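For reference, the structure discussed in these notes is given below.
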Amino acid sequence: MLFKNITILDEDFNVRENMYVGTFGSRIRLISDKEPEYAEKYGEVYDGKDRLLMPGFYNAHGHSPMALMRGYGENLTLQDWLETRIFPFEAKLDSNAVYWGTLLCMMESLRFGIVSTQDMYYFTSDMVRAVADSGAKNNISRSLTNFDGTPFEQMESVREMKDAVRNYHGAEEGRILIDASLHAEYTSDEQTARGLAAYAKEEGIRMHVHVSETKREHEECKGRREGRTPVRYLADCGIFDVPATAAHCVWIEGEDYDILKEKGVTVATNPVSNLKLASGICDSAALLRAGIGLAVGTDSVASNNSLNFLEEIKTLALVGKIKAGDPTVITPRQALYAATRGGALAQGRTDCGLLAEGQKADLIVMDISQPNMHPVHDMVNNIVYSAAGSDVVLTMADGKVLYKDGEYATIDKEKTVFETEKAAKGILAQL
């Protein structure tokens, strides 16, 4: 595809107008202020008048099948929400429900410009099938919990994880990657954490883990682990000996920052979910000052309740200022980097997340003609603070247009909504 006369957000997150961007195959092959010779070789021409082209968004922490539980369990504390609503619902899940819930989540993701998600859940093969059908990208991990001390090699979840790594890691021309995942410090024992760390290192795969999401989780860990925080304990178990994404990190303290920096861990902050569950506010400004990688996640739509990523980016910037008590922290460019390149790097997708020649063509187009985007004193400021999710009019992954002007190239919208509603009602009928 050749985008012509379009405004772009370039690899340095600067705005350039009246540009030409050509994609061929899965990659960006041309960025120029002049119309290329042999423009026809790029195929379809997209008129960029009143449009902005930028990298797609990379959701660094999600639980896609939980789309089935959107709005189910409101105004509860995290522990009550989990124990009285989420866990009983999840106990009734089946392959069909997980497939349609995941596909619904991919559909919503594409609508809001999310090209890739870092997911943590189970029913791994059904999630893979849904993501493959959607054309989107995903780092899928089979989350491990262990409440009864079952030896690592005897855990059914470990078998599922190993099957996923063997069968799906690198599938769909690299669009699907399989990560390792320890759900959290408080949902497993030390032999599980150490066993998973050793396996991830042996296989050379990434790690995904919840860390210090609530004050209760953080403090109870210190009580259980001889004063060690979740970050210290997980590091001691080897969880951070491979490239890792630590979700939330709301209550980290002291040496935690040094450990995360030393180990090269990326923190996936989930501002909307953390606010909704009153878990607290991640100190994103402190993470950036410490040189720790920062990415943006939505968490599940059961605790968010949407995948409107522009809302997430704006919230990241706002709560960062409140947490620091300083309106100058979390610049618009830092927020956009976390949502694009920062998320791509968290997923191990080093050739993604930038609008640059040779990078994967994971791109979105935004309508910048709407009233909320004017006047333009600084377009980057407008993207972060003024843009709406509905301003995304095209989403492309690996050079393929998956969403454009309300239409999906790979997903039957009506069927997906119908099947998801059917699956959710079927589960509710069993509760």
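For the numbers below, each heavy atom of this structure counts, side chains included, while hydrogens, waters and symmetry mates do not. Given the structure is predicted, the values throughout are model-derived calculations rather than measurements.
Checking Ser212 against His218 by side-chain atom types alone, a donor-acceptor pair falls below 3.5 Å. No donor-acceptor contact under 3.5 angstrom links the side chains of Ser141 and Asp179, judged on distance only. Under 3.5 Å, the side chains of Asp256 and Thr229 contain a donor-acceptor pair of N or O atoms. For the residue pair Tyr168 / Asp163, no side-chain donor-acceptor distance below 3.5 Å is found, with atom types taken as modelled. Side-chain N/O atoms of Glu108 and Ser306 include no donor and acceptor closer than 3.5 Å. Under the 3.5 Å distance criterion, with hydrogens and angles disregarded, no donor-acceptor pair is assigned to the side chains of Thr298 and Glu312. Under the 3.5 Å distance criterion, with hydrogens and angles disregarded, no donor-acceptor pair is assigned to the side chains of Thr245 and Thr266.
Within the structure, no pair that satisfies the salt bridge (Lys or Arg N to Asp or Glu O under 4.0 Å) test touches residues 79-105, not counting sequence neighbours. Annotation: ring-ring contact (aromatic ring centres under 6.0 Å, His included) contacts involving residues 133-162, sequence neighbours excluded, are absent. The ring-ring contact (aromatic ring centres under 6.0 Å, His included) analysis of residues 244-267, with sequence neighbours excluded, yields the pairs His61-His248, His210-His248.
Across all non-hydrogen atoms, the minimal contact from Arg29 to Glu357 is O-CD, 3.9 Å. Listed here is the closest heavy atom pair of Tyr42 and Thr23: CD2-O, 3.7 Å. The two residues Leu310 and Ala388 make their nearest non-hydrogen contact at CD1-O, 3.3 Å. Across all their heavy atoms, Asp362 and Asp398 have their closest contact at OD1-N, 2.8 Å. Across every non-hydrogen atom of Leu345 and Arg206, the tightest pair is O-NH2, 3.3 Å. Listed here is the closest heavy atom pair of Pro65 and Thr102: CG-OG1, 3.4 Å.
Residues Ser181 and Val209 fail the side-chain proximity criterion, which asks for heavy atoms closer than 4.5 Å. The side-chain heavy atoms of Met19 and Ile31, taken from C-beta on, include a pair separated by under 4.5 Å. Annotation: side chain of Leu30 is in contact with side chain of Leu2 (closest heavy-atom distance under 4.5 Å). Side-chain contact between Phe57 and Thr340: present, with at least one pair of heavy atoms (C-beta onward) separated by less than 4.5 Å. The side-chain heavy atoms of Val211 and Val265, taken from C-beta on, include no pair separated by under 4.5 Å. The shortest side-chain heavy-atom distance between Thr331 and Gln334 falls under the 4.5 Å cut-off. Counting only heavy atoms from C-beta outward, the side chains of Ile205 and Val242 never approach each other to under 4.5 Å. Proximity of Leu103 to Thr420: side-chain heavy atoms (C-beta onward) are nowhere separated by under 4.5 Å.
Side chain of Thr187 to main chain of Ala184: a donor-acceptor pair is present (N/O by atom type, distance under 3.5 Å, no hydrogens or angles). In this structure a side-chain-to-backbone donor-acceptor pair under 3.5 Å is present from Glu217 to Glu213. Panel note: side chain Arg333, backbone Asn14; no donor-acceptor pair is recorded below 3.5 Å. Side-chain atoms of Ser303 do not come within 3.5 Å of backbone N or O of Asp299 as any donor-acceptor pair. A donor-acceptor pair is defined here as one N or O able to donate and one able to accept, closer than 3.5 Å; no such pair exists between the side chain of Lys323 and the backbone of Asp283. In this structure, the side chain of Thr117 does not engage the main chain of Asp119 through any donor-acceptor pair within 3.5 Å. Under the 3.5 Å distance criterion, the side-chain polar atoms of Tyr46 are left unmatched by any main-chain donor or acceptor of Met1.
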Audit row: Lys360, Lys137, side-chain contact (heavy atoms from CB on, under 4.5 Å) steps and yes/no: CA-CA 12 Å; Lys360 286 293 185 74; Lys137 299 182 175 184; 4.0 Å; yes
Steps toward salt bridge (charged side-chain N to carboxylate O under 4.0 Å, His left out) verdict (Asp236, Arg232): CA-CA 6 Å; Asp236 289 347; Arg232 176 75 270 172; 3.0 Å; yes
Derivation of the salt bridge (charged side-chain N to carboxylate O under 4.0 Å, His left out) call for Glu156 and Arg142: CA-CA 11 Å; Glu156 180 61 24; Arg142 202 310 180 187; over 6 Å; no
Trace of the side-chain contact (heavy atoms from CB on, under 4.5 Å) decision for Thr84 with Leu76: CA-CA 9 Å; Thr84 67; Leu76 297 171; 3.9 Å; yes
Intermediate values then yes/no, side-chain contact (heavy atoms from CB on, under 4.5 Å), Val380 and Leu9: CA-CA 8 Å; Val380 174; Leu9 192 67; 3.8 Å; yes
Candidate pair Lys222 and Glu219, rule salt bridge (charged side-chain N to carboxylate O under 4.0 Å, His left out), full reasoning: CA-CA 5 Å; Lys222 292 196 289 185; Glu219 294 301 326; 3.3 Å; yes
Chi angles and distances behind the salt bridge (charged side-chain N to carboxylate O under 4.0 Å, His left out) call for Glu220, Arg225: CA-CA 9 Å; Glu220 288 185 354; Arg225 311 289 184 188; over 6 Å; no
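For OH of Tyr72, the number of neighbouring non-hydrogen atoms (other residues, nucleotides, ligands) closer than 6.0 Å is greater than 12. Counting non-hydrogen atoms of other residues, nucleotides and ligands closer than 6.0 Å to CZ of Arg159 gives a total above 12. Around CD of Gln430, the count of heavy atoms belonging to other residues, nucleotides or ligands within 6.0 Å exceeds 12. By the neighbour-count criterion of 12 heavy atoms within 6.0 Å, atom CG of Asn75 is sparsely surrounded, having that number or fewer from other residues, nucleotides or ligands.
One distance of note links CG of Leu53 with OG1 of Thr7; it measures 9.5 Å at 0.5 Å rounding. Atom NZ in Lys422 sits 7.5 Å away from atom CG in Asn96 (nearest 0.5 Å). Between Ile8 atom CD1 and Tyr20 atom OH the span is 13.0 Å, to the nearest 0.5 Å.
Partners of Asn167 under the side chain to side chain donor-acceptor pair (under 3.5 Å) rule, at least two apart in sequence or in another chain, do not exist in this structure. Here Thr150 pairs with Asn146, Asp148, Gln154, Met155 under the side-chain contact (heavy atoms from CB on, under 4.5 Å) rule; sequence neighbours left out.
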Identify every side-chain donor-acceptor pair in residues 346-356 under 3.5 Å, counting partners at least two apart or on other chains, and give the distances.
{"residue": "Gln347", "atom": "OE1", "partner": "Ser116", "partner atom": "OG", "Å": "2.5"}
{"residue": "Gln347", "atom": "OE1", "partner": "Arg349", "partner atom": "NE", "Å": "3.2"}
{"residue": "Gln347", "atom": "NE2", "partner": "Asn59", "partner atom": "O", "Å": "3.3"}
{"residue": "Arg349", "atom": "NE", "partner": "Ser116", "partner atom": "OG", "Å": "3.4"}
{"residue": "Arg349", "atom": "NE", "partner": "Asn139", "partner atom": "OD1", "Å": "3.3"}
{"residue": "Arg349", "atom": "NH1", "partner": "Gly174", "partner atom": "O", "Å": "3.0"}
{"residue": "Arg349", "atom": "NH2", "partner": "Asn138", "partner atom": "O", "Å": "3.3"}
{"residue": "Arg349", "atom": "NH2", "partner": "Asn139", "partner atom": "OD1", "Å": "3.0"}
{"residue": "Arg349", "atom": "NH2", "partner": "Arg175", "partner atom": "O", "Å": "2.8"}
{"residue": "Asp351", "atom": "OD2", "partner": "Arg27", "partner atom": "NH1", "Å": "3.2"}
{"residue": "Asp351", "atom": "OD2", "partner": "Arg27", "partner atom": "NH2", "Å": "2.9"}

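Ring centroid separation for the pair Phe112 and Phe309 does not come in under the 6.0 Å cut-off.
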